[in-house]
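Report on one structure; see the data block that follows.
Order of the sequence lines fixes the chain letters, A, B, ..., with proteins taken first and strands second; residue numbering starts at 1 for each chain.
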Amino acid sequence: MSASLITRLGPVELPNPVLTASGCGGTGRDLAQFADLSRLGGFITPSVLPQPRAGRPTPRMAETPGGMVSAMGLPGPGIDTFLRRDLPFLAEQGARTIVSVGGNSVADYAEVARRLRDETAVCAVEVNVACPNAEDRGLVFASRPSAAADVVRAVRTHIRPGVPVFAKLSPDVSDLVTIALACADAGADGLSLINTVLGMAIDTTTLRPALSGVSGGLSGPAIRPIAVRSVYQVHAALPQLPIIGMGGIATGLDALEFILAGASAVAVGTTLFHDPSAAARIVRELEEALTARGIGRLADAVGLAHRPYGFVPPQVHALSTTEPNHEPKTEERAQ
Amino acid sequence: MSASLITRLGPVELPNPVLTASGCGGTGRDLAQFADLSRLGGFITPSVLPQPRAGRPTPRMAETPGGMVSAMGLPGPGIDTFLRRDLPFLAEQGARTIVSVGGNSVADYAEVARRLRDETAVCAVEVNVACPNAEDRGLVFASRPSAAADVVRAVRTHIRPGVPVFAKLSPDVSDLVTIALACADAGADGLSLINTVLGMAIDTTTLRPALSGVSGGLSGPAIRPIAVRSVYQVHAALPQLPIIGMGGIATGLDALEFILAGASAVAVGTTLFHDPSAAARIVRELEEALTARGIGRLADAVGLAHRPYGFVPPQVHALSTTEPNHEPKTEERAQ
Amino acid sequence: MQVSGTVLTVREVGGYHALTLVAPAIAERFRPGQFVAVAVGGEHTGRLLRRCFAVYEVKSDYGGTVEFVFADRDPGTAWLTGRRSRDTLDVVGPLGRPFRLPRDPVSCLLVGGGPGGAALFSLADALHRRGCQVHFVLGGPDAAHVFGARSAQRIGDSATVVTTDGSVGSRGEVAGVLPQALADSRADVVYACGPTETLRQVSQVSSDYGIPVQVCLEEFLQANGACGTGLCLTCVLPVIGDDGVTRMLRACADGPVLRGERVRWSDLGTIPLEALGAPRALHVMEDS
Amino acid sequence: MQVSGTVLTVREVGGYHALTLVAPAIAERFRPGQFVAVAVGGEHTGRLLRRCFAVYEVKSDYGGTVEFVFADRDPGTAWLTGRRSRDTLDVVGPLGRPFRLPRDPVSCLLVGGGPGGAALFSLADALHRRGCQVHFVLGGPDAAHVFGARSAQRIGDSATVVTTDGSVGSRGEVAGVLPQALADSRADVVYACGPTETLRQVSQVSSDYGIPVQVCLEEFLQANGACGTGLCLTCVLPVIGDDGVTRMLRACADGPVLRGERVRWSDLGTIPLEALGAPRALHVMEDS
Ligand SMILES: Cc1cc2nc3c(=O)[nH]c(=O)nc-3n(C[C@H](O)[C@H](O)[C@H](O)COP(=O)(O)OP(=O)(O)OC[C@H]3O[C@@H](n4cnc5c(N)ncnc54)[C@H](O)[C@@H]3O)c2cc1C
Ligand SMILES: Cc1cc2nc3c(=O)[nH]c(=O)nc-3n(C[C@H](O)[C@H](O)[C@H](O)COP(=O)(O)OP(=O)(O)OC[C@H]3O[C@@H](n4cnc5c(N)ncnc54)[C@H](O)[C@@H]3O)c2cc1C
Ligand SMILES: Cc1cc2nc3c(=O)[nH]c(=O)nc-3n(C[C@H](O)[C@H](O)[C@H](O)COP(=O)(O)O)c2cc1C
Ligand SMILES: Cc1cc2nc3c(=O)[nH]c(=O)nc-3n(C[C@H](O)[C@H](O)[C@H](O)COP(=O)(O)O)c2cc1C
Ligand code: FES
Ligand code: FES
């Protein structure tokens, strides 16, 4: 018998845990040529802002080993056009739509959330906390617990109960768990981990930064270990909060790694650029992987890596049983 | 005419900027079969602690896309054996030796530094600030400005003037520039950027963390964009401080990227595991790359990416000239 | 369509490479001006971005083959040149909007620069089938880097070849010979594919003469695109719409064929201040 | 030596693969028990870690060839199985300390498990040249996964084959037939290569009989090593030295051949509390 992939994000049930990551599946129109959107676990929209935004000039991306750096500048049509054109399209396709909300001020986020309140096609909301805060020298909200909490609270206030709000965090912080806690306290029903890692490429021909935005976000398989670590850390600290894990997922086994670390769902981003039909393949591979491991229900695999399993050498065993859900300490790092 | 590769790390002149990274060239004995140590810019030793350390149990590493995660536990023979056995070997080989100093308390660092003071074979000292601090719940020193400053000060006090002290930082912080500033204020003569990025892999067969240490340090080409960004950011803020850049360097062009970002020297780490003779090749490729670009002296290329170059579209130009050495702001990130 | 195509041949054509693969589903759907997006580096690769190439020609052999021509300029294309017959390639296509064809048998001037010339030959066939006249102008730095000069002479109603070093045809640049070619061909429409700078000049000259021009932005897409399928938004350029509003359009999904007179050539690599959604900060700068 | 070797053949041998490449510098220097570290995935790969394989045999053909035998168990080895003749491989070798050979013509028992059997044949030749007797015990899960059973029968003074499913030789495990084989061969020394668990059992039995045993830790190295050259310290295991002190030695550079009775088999994957430099915290835990 093959494994059941049904998963829950708080009050929402999804037929499978494989979503498309914000900003990586476009508006859905182009992706629909390669994937039946209704067969995906869900579709996360690009971050929606109150106004249309052209984004940054080209060059917007550079290829790097196992990944890419990109600085897009949050391009998008703004909430009006989104509601008129993109959301109805996604609903027509039968996509379970998770709307990513962005902004450069708490008021921006609140405004978008307010406009989403009565939209029944919205299945869940993701707050992209990794946007630059115009009021804080352009520091991203996600880099301070209080700023992150402010935007989450602003969104949560406007969104109907029953529609879960996920806070999407950046890994570029000294203490991710503290930020996650602050978001949970501010009403986040779950967390999305991770947004891109701050990186940069220099063009060795022009001898200048490769991106018009100088630095950009590193994404793709290269960052997978950072993402898995983030999910594992946060799940250890907040085991009751559902997590959407993402960062470099390219195969079903990659998705399983995130599930074992503690994610209830996963999102596929950069891989869609390489392989636009990847999401359906990953669903299939994940199902096969669970079945091969005798795991009947996806839910049983969530966070499994936190528990001891099979043969455990005595010392490791001692560690694991005294602290079954322990956060990896910083001493558990390299060297 | 081929380019001159001579570079300076404060008072020390090196014939070329290509070093081996701490912990990646072993004691030098095994590497010497593949590379003439005297032809390298320099050799950075594994971090030396006061006592012998066995390190962590296996498994200590896992392969990841474009990199690896490792948790070694700072294995090493301790300062006594290091001074008796390893340092004399390196001196015999004609290696310009940079000794990496580690510890789990400020006293550990001070002790190692004190023992190094009268060793004339020590060309420079690198303080591995990314060691866990036993007195601060195992948080690495590098995650707090004051803790980082304490260890740098402790080492600087004991090391002879004329022997530069470099502080080696971890990128896993919300604000790298603040940590770098604290180290500079505490007497660091330069900075080494970056140590590994905190990551993790889960074994999808055992369904448990792949490393005995649960999480580990991500290294290799995968992290190069993070490392280049770190060097660029810190050089923008502290242009007078020499930087040893590292993180995923595999080719001469990779090395050039770090130089353009602001590094005066570079170190090759994980690539040595893949290609033990890489360092000499990188020296050659870097020389060719500079020559091909009409850059006669390596020193002229240091930090070049911070200046506008060639054709600059008007808007980008406006940005660059108002803030020629501007730190990439957090708003200059993805999306 | 995303297919795994079997490589038939990789051959050198002057200074370029031509790769032919079996891909019936793509061959069948292809219309001139469209492109394919190819995954490079093999199964274990760390290179994630697809490379986009305009299709040179499709044939019915082996159920349907697709051929594209490319310049070897990065490690991804170097990998492609190393493919052997029977290797497989992961290819997505046909992608993008094709050249729009005139309904009536008008006179057409097809302008190619470097490897971009390859995209014009299937267009020429389609135009011929509609009874159009097809005149060629092909240019490049030297003889090895002008694609299809002989074919153009064979199939074209006329063909002008021009190289920077004069090693074949006359010495000079495409834009230089264009006014004469427009006059000689009495062109009703211009189609162009080649270096972005060439497209800019061709658009400029054609507009000056009031002749509509369609350009295929293959090179811009190669330099800027990550996916080719419209998902990533990395390949945008400012284009003026029918309503007069400048929008950032995607070279891949909104192109690669665009009306040359609508592209804001001198603003490539920028967000023009009056573009839809341009950053407010810049507006402020302009006002203050 | 780091060389770029040209692949001659990749062939299936039962359930394993054997790859032969031209690498004179390695062939020349090789001594039985040593290994090669192979880069996998090709030029564009994101797989950085070398794969270590004990050498099966070296020959003087083509200036010097090296052959190794491997089980296909990860994407890296899958890539190796896909190599074709004339491809090149980046190989470092010969690496590690070889089997130490007895000076006198003693009786030797060579014990192989799975693909590890391959490492014993060049050893057998060297022992024969010294006038030693060479007896084989080869085991594996089934007939396809016992390496070299026929060769062993041909060249050995005796050969015992044992499989878990009894599909070839007798049914059982290597350790089970060892006491009999030791008695029959009157062995003065045991050499073994195979799964780590087999090496543990062989070491145990041999020590019980007071017979010195050298084990080649190929499998442990494959599971734990990143470089093969002694640089990375990822392949360590606890070994008791002549001074009675347990040290964490590298399977690659201090091995792969170690004295079996000196390896702390039940402490693999740990740092024994009394090992040199073991963490103080653990001592404290034990004391308190
Ligand atoms: C030189 C020329 C001659 C034409 N001759 C005739 C004719 O004789 N009879 C007739 O009925 N129609 C003629 N047309 C119009 C043309 O045939 C139709 O517009 C086209 O077939 C419609 O295709 P579509 O719906 O895909 O493009 P649309 O969706 O209508 O247009 C897409 C975009 O392409 C532009 N575009 C479309 N076709 C062209 C073109 N050929 N050149 C440049 N830009 C173009 C449009 O302006 C628009 O911006 C001519 C157009 C041109 C430019
Ligand atoms: C079964 C056997 C028979 C021997 N017969 C003779 C003999 O007849 N005459 C004679 O002079 N010497 C004999 N020796 C000793 C052996 O030949 C020498 O130790 C060896 O050649 C020295 O090589 P080395 O300097 O590289 O090893 P060393 O550096 O001396 O040793 C390296 C490590 O390998 C171990 N080691 C070395 N050889 C063996 C071995 N063969 N088996 C297991 N562990 C070993 C050592 O104890 C040490 O731990 C015999 C040893 C063994 C085990
Ligand atoms: C081109 C691009 C655009 C993105 N846009 C958004 C966005 O609008 N909002 C958001 O929250 N994350 C955005 N992201 C981040 C991704 O959703 C995802 O978190 C990140 O890329 C890591 O996943 P990946 O490695 O699978 O791509 C974007 C990433 C890329 C590469
Ligand atoms: C196995 C291993 C051991 C390391 N040991 C040390 C160490 O002892 N001290 C230190 O400062 N950095 C150590 N590092 C970090 C490297 O010196 C280097 O900063 C990092 O790996 C990034 O460079 P790379 O990508 O070229 O490997 C180690 C890295 C690895 C992979
Ligand atoms: S290349 Fe990705 S949208 Fe055009
Ligand atoms: S594999 Fe690297 S030290 Fe042994």
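- Taking CD of B:Gln233 as the reference point, atom CE of A:Met200 lies at 9.5 Å (rounded to 0.5 Å).
- For the options B:Gly55, B:Ala261, B:Ala250, B:Pro65, heavy-atom pairs under 4.5 Å to chain A are most numerous at B:Pro65.
- When each of B:Ile223, B:Thr204, B:Ile226 is checked for heavy-atom pairs under 4.5 Å with chain A, B:Thr204 comes out on top.
- Atom CD1 of residue B:Ile202 and atom CD of residue A:Glu257 lie 5.5 Å apart, to the nearest 0.5 angstrom.
- For B:Thr251, the side chain to side chain contact (heavy atoms under 4.5 Å, CB included) test picks out B:Leu253, B:Asp254, B:Arg281, B:Glu285, with sequence neighbours left out.
- Taking B:Gly66, B:Pro221, B:Ser230 one by one and counting their heavy-atom pairs under 4.5 Å with chain A, the maximum is reached by B:Pro221.
- A search for side chain to side chain contact (heavy atoms under 4.5 Å, CB included) contacts involving B:Pro225 returns A:Thr64, A:Val69, A:Leu218, not counting sequence neighbours.
- With hydrogens and angles disregarded, no donor-acceptor distance shorter than 3.5 Å links the side chain of A:Arg208 to the backbone of B:Ala305.
- Contact count versus chain B (heavy atoms, under 4.5 Å) is highest, among A:Gly220, A:Gly248, A:Pro209, for A:Pro209.
- B:Arg229 and A:Asp172 make their closest contact through NH2-OD1, 4.0 Å (heavy atoms, listed as atom of the first residue, atom of the second, distance).
- When heavy atoms are compared at a cutoff of 4.5 Å, B:Ile295 approaches chain A solely by way of its side chain, counted from C-beta outward.
- With A:Ser174 contributing its side chain and B:Ser174 its backbone, the two residues share a donor-acceptor pair below 3.5 Å.
- With values rounded to the nearest 0.5 angstrom, B:Leu139 atom CG is found 7.5 Å from A:Asp175 atom CG.
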